[in-house]
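One structure is given here, and the rest of the page talks about it.
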Amino acid sequence: MQDYDAAEIVCMDCGFVVALNLANRGPEWRAFDHKEYEKKARVGSPQTFTIHDKGLSTMIDWRNRDVYGKKLSSSQKAQIYRLRKWQRRVRISDAYERNLALALSKITKIANSLSLPRNILETASLIYRKAVKKRLIRGRSVQEIGAASVYIACRQCGLARTLDEISLASSISKKKVGRSYRYLLKELNYFVPPMKPRQYVSKFSNQLTMQGNVEKVASKILVAASELKMTCGRGPKGIAAAASYIAAALTGEQMTQREIAEIAQVTEVTIRNRYKEMIKRLLFIMSL
DNA sequence: AAGACGAAAGTGGTTGA
DNA sequence: TCAACAACTTTCGTCTT
């Protein structure tokens, strides 16, 4: 996955940055509202769901000149003026378009502040479009639905982002994001599998700047743990944190429980409980 | 002195009557 | 609508390195 805004190639499994400094082949601008969009749009830009008309519309130049650069006669000028007016009306005429333009810019903002890869942004935009089409936004906050779309997009792509992070980036309370999230899932008939601990592990090890094999060991522990049916009914974060802790210890990279608890957003107690269970079971298996 | 440990009470969200 | 409930957190005193 390529993230042009951050000029990175990002692994969609774990969010790991594979390469930096790509050439940006997309448009060099971003549009936050329709006016700005009109100023910056040009032919040949790639299609994207993040702009309300998918970046596909034509636009009439504002200078009153013809293709040869000659000034237009006054009757031509008047005609062009009328054409422009109509085009404006056609493009952002109804509430639908206006809503979309606003919401997509909000979604872009959230995604950027979380430095999410481009395809998450596209997915979130697509989800939002569906929501609008089904008239699910009526009487609801655009921001809330936007934030929820981003969250769903993350979950669908298996990127470990918590409600907290989304709520922080969008400055909308966790409760509201969660509510809208469930609402969208229900109304759009989406199914989102619960987070796998595995996905958290990669996130943690990135944030902890641990070496690659710590992550590998942690994954192995998780596989073993889930085979032992130890993962059901438990919060995936706690399990992932515990696995990371054990893996770090095994590879001689000793992390304190607090350090892991900090970035995993669980308490040391939870890590302790999980990892004690795991150690017990794993040792038992190994002694067979 | 810092980290790890564990008991006990508290919290917020889900479930089932 | 409400109480029971499971998972997790908070708090705090004690043990270990």
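Since we're looking at a predicted model, the values are computed, not measured. Just so we're on the same page: letters track the sequence lines, and every chain starts at 1.
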Query raised in the report: Counting only heavy atoms not in Glu259(A), do more than 12 fall under 6.0 Å of its CD?
Result: yes
Short heteroatom pairs, N/O only, protein and nucleotides 13-16 of chain B, under 3.5 Å:
residue: dT14(B); atom: OP1; partner: Arg182(A); partner atom: NH1; Å: 3.3

Requested in this report: Nearest whole angstrom, please: distance from the P of dA7(C) to the CD of Glu277(A).
Outcome: 10 Å
Report task. Determine: side-chain N/O of Gln257(A) to OP1/OP2 of dC5(B), distance under 4.0 Å, yes or no. Result -> yes
Query raised in the report: Do Glu144(A) side-chain atoms and Ser141(A) backbone N/O form a donor-acceptor pair below 3.5 Å?
Result: no
Report task. Using only heavy-atom distances, determine whether the side chains of Tyr151(A) and Arg155(A) contain a donor-acceptor pair under 3.5 Å. Result -> yes
Query raised in the report: Looking across every strand, which nucleic acid part, if any, lies under 4.0 Å from Thr256(A) by heavy atom: base, sugar-phosphate, or nothing?
Result: sugar-phosphate
Query raised in the report: Between the side chains of Thr162(A) and Glu165(A), is a donor N or O closer than 3.5 angstrom to an acceptor N or O?
Result: yes
Report task. Check the distance between dC8(C)'s P and Ile271(A)'s CD1 and give it to me in whole angstrom. Result -> 12 Å
Report task. Taking only the side-chain nitrogens and oxygens of Tyr245(A), find out if one of them lies under 4.0 Å from OP1 or OP2 of dA4(B). Result -> yes
Requested in this report: Measure the distance from CG on Asp164(A) to P on dC8(C) and round it to the nearest whole Å.
Outcome: 15 Å
Query raised in the report: Paired stems touching DNA chain C, three or more consecutive Watson-Crick or G-U pairs with both distances under 3.5 Å?
Result: B:1-11 with C:7-17, B:13-17 with C:1-5
Requested in this report: Return the value, rounded to whole Å, for the distance between atom CD of Glu268(A) and atom C1' of dA7(B).
Outcome: 15 Å
Requested in this report: Verify the contact: side-chain N or O of Arg274(A) to OP1 or OP2 of dC8(C), cut-off strictly under 4.0 Å; return yes or no.
Outcome: yes
**Report entry** Side-chain H-bond candidate by donor/acceptor type, Tyr128(A) with Lys133(A), under 3.5 Å
**Finding:** no
**Report entry** Interatomic distance where OH belongs to Tyr275(A) and C1' belongs to dC8(C) [whole Å]
**Finding:** 18 Å
Query raised in the report: Which residue, Met255(A) or Val269(A), contacts DNA chain B at a nucleotide closer to its 5' end, judged by nearest heavy atom?
Result: Met255(A)
Query - Backbone of Leu136(A) reached by a side-chain donor or acceptor of Tyr183(A) within 3.5 Å - result: yes
Requested in this report: Measure from the side-chain heavy atoms of Arg234(A) and tell me the nearest of dA7(B), dA7(C), dC5(B).
Outcome: dA7(C)
Query raised in the report: Is it true that Glu277(A) and Lys280(A) have a side-chain N and a carboxylate O under 4.0 angstrom from each other?
Result: no
**Report entry** Residues Ser219(A) and Arg198(A): side-chain donor-acceptor under 3.5 angstrom
**Finding:** yes
Query raised in the report: Between Arg272(A) and dA4(B), is there a side-chain N or O to OP1/OP2 distance below 4.0 Å?
Result: no
Query raised in the report: Rounded to the nearest Å, what distance is computed from the CG atom of residue Asn273(A) to the C1' atom of nucleotide dC5(B)?
Result: 10 Å
Query - Backbone N/O of Ile110(A) and side chain of Ser113(A): donor-acceptor pair under 3.5 Å - result: yes
Query - Pair Tyr245(A), Arg272(A): side-chain N/O donor-acceptor within cut-off below 3.5 Å - result: no
Report summary line: note: Lys237(A), atom NZ; dA7(C), atom P; distance rounded to Å ~ 16 Å
Query - Protein-nucleotide distance (Gln265(A), atom CD; dG12(B), atom C1'), rounded to Å - result: 17 Å
